[in-house]
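Encoded as structure tokens, the structure appears first; notes follow it.
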Amino acid sequence: MAYLVSEPVTIDVLIAAVLSPERGAVATFLGTVRNHHLGRAVLELAYEAYAPMAEAECARIVAEAESRWPVRIALQHRIGRLQVGDVAVAIAAGSGHRAESFDACRYVIEELKSRVPIWKRERYADGSEAWVDPTAPGGTMPTTVRTTE
Amino acid sequence: MRAMTERAAFPVQVRLFARYAELLGATLVTVRLRAGGTVADVVDGVRALPGGGALPERMLVARGVEQVRYDQAVSADDELALLPPMAGG
């Protein structure tokens with residue numbers, strides 16, 4: 001299963017991938033597109049990735065989680081243009097007991113956000129656009145090229 | 001001597017993404033590197049290109065599918081990528 005997908009993400013598929021008779025606890029995380037960011041009204045956004053590295057980094061993070069806890073992880077991140085409410089990232093962590101499932105699920109989303117080369121461009125209600133940059137003082141950096149509608 | 005230096009230099013391809021690609025108006029650029037050159041030299045080369053001056057002095061750099069440090073050597077077969085701050089999730 002590829003970690004990056006251009007089609008809508010379905011959590012049921014990820015849950016099914018980690019279910020098994022010996023795993024009695026499945027924790028899930030969904031990251032969805034918010035309609036606001038730092039006080040600005042968001043209309044839609046677009047994710048871009050360095051796909052080969054993003055796939056490799058997701059695989060490394062999943063392997064780390066599965067070696068650190070007795071869990072099975074399923075992970076997908078959507079790429080391309082998304083609307084408010086769309087699922088951007090989904091994680092399912094299945095294990096024998098809830099503590100490991102919650103811990104592993106949290107680990108995967110935190111590592112993904114800091115290590116996987118994916119970038120997010122937001123379009124706002126006022127017509128402006130910006131690249132989300134968690135390291136920038138205002139949380140975004142201006143775009144220099146407008147998206148063509 | 002100059003001819004020898006030119007022969008020793010080799011092209012390195014550098015991928016650009018998101019805002020960095022916008023700043024340079026390209027998703028792939030080529031810089032020439034002297035034998036023994038490092039990641040830092042490649043970054044300097046990209047920052048010297050038109051539009052490159054707006055890039056940060058310190059950026060995340062990948063070689064292939066792994067991040068590399070600025071002091072690591074670069075060879076002719078390497079493909080580097082300049083990575084803006086991650087914003088997935």
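Naming: A, B, ... by sequence-line order, numbering from 1 per chain.
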Let me check something: do [X] and [Y] share a hydrophobic cluster, defined by ILVMFWY side-chain heavy atoms less than 4.5 Å apart, either directly or through other members?
X      : Y      : value
I91(A) : V9(A)  : no
L28(B) : Y20(B) : no
Y47(A) : V87(A) : no
V71(A) : L19(A) : no
L75(A) : V18(A) : no

So which part of [X] gets closer than 4.5 Å to some heavy atom of chain B, the side chain, the backbone, both or neither?
X       : result
W131(A) : side chain
V132(A) : both
A49(A)  : backbone
R60(A)  : side chain

Query raised in the report: Ion pair present between E48(A) and R19(B), side-chain N to carboxylate O less than 4.0 angstrom?
Result: no
Got a sec: does the [atom1] of [X] have more than 12 other heavy atoms crowding it under 6.0 Å?
X       : atom1 : answer
Y124(A) : OH    : yes
E57(B)  : CD    : no
R106(A) : CZ    : no

So, the part of L60(B) with a heavy atom under 4.5 Å from chain A: the answer is neither
So, the part of A18(B) with a heavy atom under 4.5 Å from chain A: the answer is both
**Report entry** Stepwise side chain to side chain contact (heavy atoms under 4.5 Å, CB included) test for E22(B) and T143(A)
**Finding:** CA-CA 7 Å; E22(B) 287 182 354; T143(A) 60; 3.7 Å; yes
Give the minimum heavy-atom separation between [X] and [Y], together with the two atoms involved.
X       : Y       : result
L83(B)  : P117(A) : CD2-CB, 4.4 Å
A62(B)  : M53(A)  : CB-SD, 3.6 Å
T135(A) : P85(B)  : OG1-CG, 3.4 Å

One option among P52(A), G31(A), A88(A) has the most heavy-atom pairs under 4.5 Å with chain B, and it is P52(A)
To the nearest 0.5 Å, atom OH of Y50(A) lies from atom CG of L82(B) at 10.5 Å
Rounded to the nearest 0.5 angstrom, the NZ-CE distance for K113(A) and M86(B) is 13.0 Å
Using a 3.5 Å distance criterion without hydrogens, assess whether the side chain of W119(A) forms a donor-acceptor pair with backbone atoms of G88(B). no
